[in-house]
There are 2 protein chains.
Amino acid sequence: MNFTISEENYIKSIYHLQQQSGIVNTNSLAAQMQTRAASVTDMLKKLKNKKLLQYERYKGFKLSETGKKVALQVVRKHRLWEFFLVEKLKFDWDKVHAIAEELEHISSDELVQRLDNFLGNPSFDPHGDPIPDKNGRIPTINQQNLTNIPLKKTVTVSSVGNQAPQMLEMLKHYNIALGTQVSVLNKFEFDGSLQIKILKQNPCIISEQVAKNIFVHYAE
Amino acid sequence: MNFTISEENYIKSIYHLQQQSGIVNTNSLAAQMQTRAASVTDMLKKLKNKKLLQYERYKGFKLSETGKKVALQVVRKHRLWEFFLVEKLKFDWDKVHAIAEELEHISSDELVQRLDNFLGNPSFDPHGDPIPDKNGRIPTINQQNLTNIPLKKTVTVSSVGNQAPQMLEMLKHYNIALGTQVSVLNKFEFDGSLQIKILKQNPCIISEQVAKNIFVHYAE
DNA sequence: ATTAAAATTTAGACAAATCTAAAAATATTT
DNA sequence: AAATATTTTTAGATTTGTCTAAATTTTAAT
């Protein structure tokens, strides 16, 4: 089966939304896609006809098994291309998202497989997100956000929740990247902000909102 | 200015046609694009409005200076991606055209420049076609097709005129690639076919049609 | 120079993806 | 449970790129 760019974008967005909340509704998808609810409804019918979606009107929806497979292939392509852009073309990691949004729709399966091999079959993209393999299997990693880490324990940054350029620019400013070693020195009750220590740097303070989007795993 | 994939494809095809014949007409473009003459006329109006085309009805057409610039950027992207696919991802050179047709429409200028650098700023793609630089300048090479080479002179294959997979498959069969050393032993008047000698191989015979599509340059 | 043939354009239709405005269904509040 | 608000869907329009069939213009042939 072959899909249009628009269909693939809807499928991918539905996938990401249902990862968080199980079932998806029209308005949240419209918000995510930056379009109108009416347009979403139109597309839902199309995707239902193609058996990619479980959907009954007014009842919310989620991807069928087939739909999920399609989504995972698009996610796979997106993340492989991001890896390529950062590792090979030396893009800053906060500049690659928009380009990968285009590249993820290139259709050749052989291209994807060869790219994967060329890159050394990476398991995580430059933001720390797992890259599904050829069969859609996703590597797992035991991670938590910074607000849940016991004080003084040294942990390693493994991924970033919010990948808006604003967030990524901020992390760059704080000098936080994937693999950075951090420990939490203090938690301020008043606003939930954290004082953290980054290896070889002076302690600094990050807001709760930022901390919630920094995922880490324990060194051992 | 930004262009749709369809617009870019028309511009590119017009560019290639006018390279051969100066001015382009509706039917030949329709044939090249595998579409109908009426569809071509529709698009011509659009391109004329955008000042990409010099066009008056019933009179044929050619690209404006702006149009030519756009065409050269698309050609540049196509050929850089082909180079990438063959050199980095190890695709056979006769398998890359269709994929490059998709990749050439990825829009980021920075991507193109970084890709160019990553590849070592190549001057020719895997079929021997010149890759326009950032400013649209095309490297030239002094080449002729095999039918015009004096007998016994050893020459080097530098590009291939017809890049249909059928042609490329045939060349692979004959063991001819870019850089291959060839000499013409004999020319048969009857059908114009040539007996040629390839380094370390037995002499063989190629049709005039094939010979006309093999471009070579003199070793010195 | 007419006529016939070929090339090109117009007119009108269609599919995909979107939109606005209005209607219908569901959820929430009083 | 009735009234109100929110969410979702429908109806109908729009844009882009395409098509067929008919009309027009140009070219070639008698």
Round to a whole Å and report the spacing from NZ of B:K45 to P of C:dT9.
8 Å
Could you state the CD1-P distance from A:I11 to C:dA17, rounded to the nearest angstrom?
11 Å
Regarding A:K46 and the six-membered ring of A:Y10, is the cationic atom NZ or CZ under 6.0 Å from the ring centre and inside 45° of its axis?
no
Looking at every strand, decide which applies to A:T26 at a 4.0 Å heavy-atom threshold: base, sugar-phosphate, or nothing.
sugar-phosphate
OP1 or OP2 of C:dA17 sitting under 4.0 Å from any side-chain N/O of A:K46?
yes
Answer with base, sugar-phosphate or nothing: what part of the nucleic acid does A:F61 contact at a heavy-atom distance below 4.0 Å?
nothing
Pairing of B:R79 and B:E82 as salt bridge, 4.0 angstrom limit
no
Could you pull out the closest heavy-atom pair between B:D94 and B:P165, with the gap in Å?
O-CB, 4.4 Å
Tell me the interatomic distance from B:Y58, atom OH, to C:dT9, atom P, rounded to whole angstroms.
7 Å
Between A:E7 (CD) and C:dA17 (C1'), how many Å, whole number?
10 Å
Across the strands shown, which category fits B:N25 at heavy-atom distances under 4.0 angstrom: base, sugar-phosphate, nothing?
sugar-phosphate
Salt bridge check, A:K172 against A:E169: does any charged N sit closer than 4.0 Å to a carboxylate O?
no
Calculate the interatomic distance between A:M43 atom CE and C:dC19 atom C1'; express it in whole Å.
14 Å
Closest-nucleotide 5' rank along DNA chain C - winner of A:T4 and B:Y55:
B:Y55
Rounded to whole Å, how long is the line connecting atom CD of B:E56 with atom P of C:dT9?
11 Å
Under 4.0 Å between any heavy atoms, over every strand shown, what does B:S6 touch: base, sugar-phosphate, or nothing? Just pick one.
sugar-phosphate
Only one of B:T66, B:L72, B:L52, B:V74 passes side chain to side chain contact (heavy atoms under 4.5 Å, CB included) with B:I11; say which it is.
B:L52
B:K12 side, atom NZ; B:E104 side, atom CD - distance, nearest 0.5 Å
3.5 Å
Salt bridge between B:K134 and B:D116, side-chain N to carboxylate O under 4.0 Å?
no
Rounding to an integer number of Å, can you tell me how far B:L44 CG sits from C:dT10 P?
11 Å
Separation of atom CZ in B:R36 from atom C1' in C:dT10, rounded to whole Å:
17 Å
Span of DNA chain D engaged by chain A, first through last nucleotide within the 4.0 Å heavy-atom cut-off, is D:dT7 to D:dT10
Taking only N and O in the side chain of B:R57, is any of them less than 4.0 Å away from OP1 or OP2 of C:dA7?
no
